[in-house]
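I have placed the structure first, in the form of structure tokens, so that the comments after it can refer back to it.
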Amino acid sequence: MRLCWGKFPLNHLVQARALSGVEAVNALRPFYFAVHPDFFGRHPREREVNENSLKRLNGYLENLQKPGLRSHKPARLTFYVRETIQNFENEQESIKEPGFRTVSFTLDSKDLRSTVLGILNSCSLSTDHVQSLSDNIGSTKTATSSYNRPIKWDKTFYSFTGYKDPEEELEQAQKTEITIISWIQSNQHMAQKKMSNSIPLREELERLKTELSNELQLSNVRWQRSWGIAHRCGQLHSLGRLIKHNCESLKNAKGHTIIFTDRTGVSAAGHVMLGTMDVHHHWTKLFERLPNYYILQRKLLQLQDRIGHLLGGIEVVHIEDLQPLLTMEEQYSVLDAFCKKLLNRRVPVHPRSLRGLQMILENDSFVPRLHEMGHFIIPAVCDPPSLQWFLLANAEKAREKLKRKEELKIEEQELTQACKDSASLSRLYKEPSVSCEQMINCCRRLIEEPLPNLLGMNLCISHYYSVLQDGDLCIPWNWKSSNSTLAT
């Protein structure tokens, strides 16, 4: 039997190789499993980078599924990928820290299948299951396999018709480096429009925050995640409605800091955590139980002092910017188990040999290490004799880093203010995943670089370029200028 290809529906050929939105999500499951922020709970900086990159990736995938979309902007994304045995063989990727590595790639495909394959290949993940999705479409694919490929036109076709050559566009996008001046000029108008539209909401947010803080006599109101202003206003309105119905129990919040986050409870630092997905009933129960936490908090502080005494006067701390937001019960459990281990296997440490130093306990790591900011990161399962050797061997280095940390903080504050003033910014801030040294490097270069007029704008120092929904401009700390090289 002969097939008349001239009468064969062309859209059927396209469907034989295209992926639907659901199929694309299923095909990316190994990728999501490798980069999902929930697996980076002990690494807040890397978690935030992956969260932001996933938001941009999901937006890119959604745009590809919009009918009639013919053009889009290439997107450069960075992820921290959880390491597996097969990935250690890939010498082209840099290891950020034991357990995960950094992967960056540019999205510029015009269909879901090519995008999915590009992502998986960039992360050294198998693509066999993507091919099987295409193979399962039906027997028609077998009969048309030789035609199931994109049409590659001769260069003269594009010269004659005036259409853009997709291969040249991709090559140009990969070669073109985004510079800070060009990006700001291209996105400034959109950012100013969003900023202008968000002003009423910003004023509403400040009003609600002030009213609730005064009514409940709160120390502060914070948010763990980078939610939009409308979302934050909604959370404060929700708390305001709760005050009207349960005013008596909320008096227990006096003097506390309230943090809107993913779970309800009391943090290791004693802050009140309100889960944004929880109903008012859970919030009410927490406020009613707040007085009961004072006893647990005293026990927690006693445990910290006890551990510090057993380890030469070192201070046990919990750093929210670098650690997951643990509940007080979780922190107490970790400290209690660690203290019992030290008591069972006492090690000879001079009572004041480690005074002035700091350490944090981690429940999911196995090797002690010294953080760049001077504090020790100690696994809860660490063997006491090994811990003793590690602390004493690195004590002097830790003191040097702590001293340098204070100097860096002062320098960062001064440069941030100078940069804000020179660019006439309303606000200049950084994401928690940006280190102190990276912020200093960025601010120095921003002062030297003549930027476009940013009067009254908000500028966030991050790891990528983006315009947030409320008009804040995000730029990577290691941005490039047209006449300079990449910051190191």
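The residues of the chain are indexed from 1 along the displayed sequence. Bear in mind the structure is a predicted one, so any value in this text is a computation, not a measurement. The figures here come from the full heavy-atom set of this structure, side chains too, leaving out hydrogens, waters and symmetry mates.
Listed by chain and number, the residues in a side chain to side chain contact (heavy atoms under 4.5 Å, CB included) with M457 are A191, Q192, L425, L454, L473 (sequence neighbours excluded). Checked against side chain to side chain contact (heavy atoms under 4.5 Å, CB included), H36 has the following partners two or more places apart in sequence or in another chain: D38, F39. With sequence neighbours excluded, the residues forming a side chain to side chain contact (heavy atoms under 4.5 Å, CB included) with T115 are Y60, L61, L64, L107, S109, I119, listed by chain and number. Under the side chain to side chain contact (heavy atoms under 4.5 Å, CB included) criterion, S53 pairs with V49, F79, sequence neighbours left out.
In this structure, I319 and H371 have side chains that are not in contact, with every pair of non-hydrogen atoms separated by 4.5 Å or more. Contact check for I178 versus K480: no side-chain heavy atoms found under the 4.5 Å cut-off. For the pair D470 and R202, the minimum side-chain heavy-atom distance is below 4.5 Å. Side-chain contact between I475 and S462: absent, with no pair of heavy atoms (C-beta onward) separated by less than 4.5 Å.
A donor-acceptor distance shorter than 3.5 angstrom exists from the side chain of N50 to the backbone of Y80, with no hydrogens or angles considered.
To the nearest 0.5 Å, the span separating CD1 on I229 from OG on S198 amounts to 4.5 Å.
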In a table with atom names and distances, give each donor-acceptor pair under 3.5 Å that connects a side chain of residues 205-221 to protein atoms at least two apart or in another chain.
residue, atom, partner, partner atom, Å
R207, NE, E204, OE1, 3.3
R207, NH1, E211, OE1, 3.0
R207, NH1, E211, OE2, 2.8
R207, NH2, E204, OE1, 3.1
R207, NH2, E204, OE2, 2.8
K209, NZ, V221, O, 3.4
T210, OG1, E206, O, 2.8
S213, OG, K209, O, 2.7
N214, ND2, T210, O, 3.2

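When all heavy atoms of R399 and S353 are compared, the closest pair comes out as NH2-O, 3.0 Å. Considering every non-hydrogen atom in both A269 and Q297, the closest pair reads O-NE2, 3.8 Å. In this structure, S435 and E372 approach most closely via the heavy-atom pair CB-OE2, 3.8 Å. Of all heavy-atom pairs between H256 and G270, the closest is ND1-O, 3.2 Å.
No hydrogens or angles considered: nothing links the side chains of W479 and E449 as a donor-acceptor pair under 3.5 Å. Using a 3.5 Å distance cut-off with no hydrogens or angles, the side chains of Q417 and D421 do pair a donor with an acceptor. Residues T179 and S481 have side chains that never bring a donor and an acceptor to within less than 3.5 angstrom of each other. Counting only N and O atoms by type, the side chains of N458 and Y429 include no donor and acceptor under 3.5 Å apart.
Taking the ring centre of Y32 as origin, the terminal cationic atom of R29 falls outside the region bounded by 6.0 Å and 45° from the ring axis. A cation-pi contact links R82 to F33, judged by a cut-off of 6.0 Å to the six-membered ring centre and 45° from its axis.
Applying the side chain to side chain donor-acceptor pair (under 3.5 Å) definition to pairs two or more places apart or across chains, those involving residues 280-290 are S238-H280.
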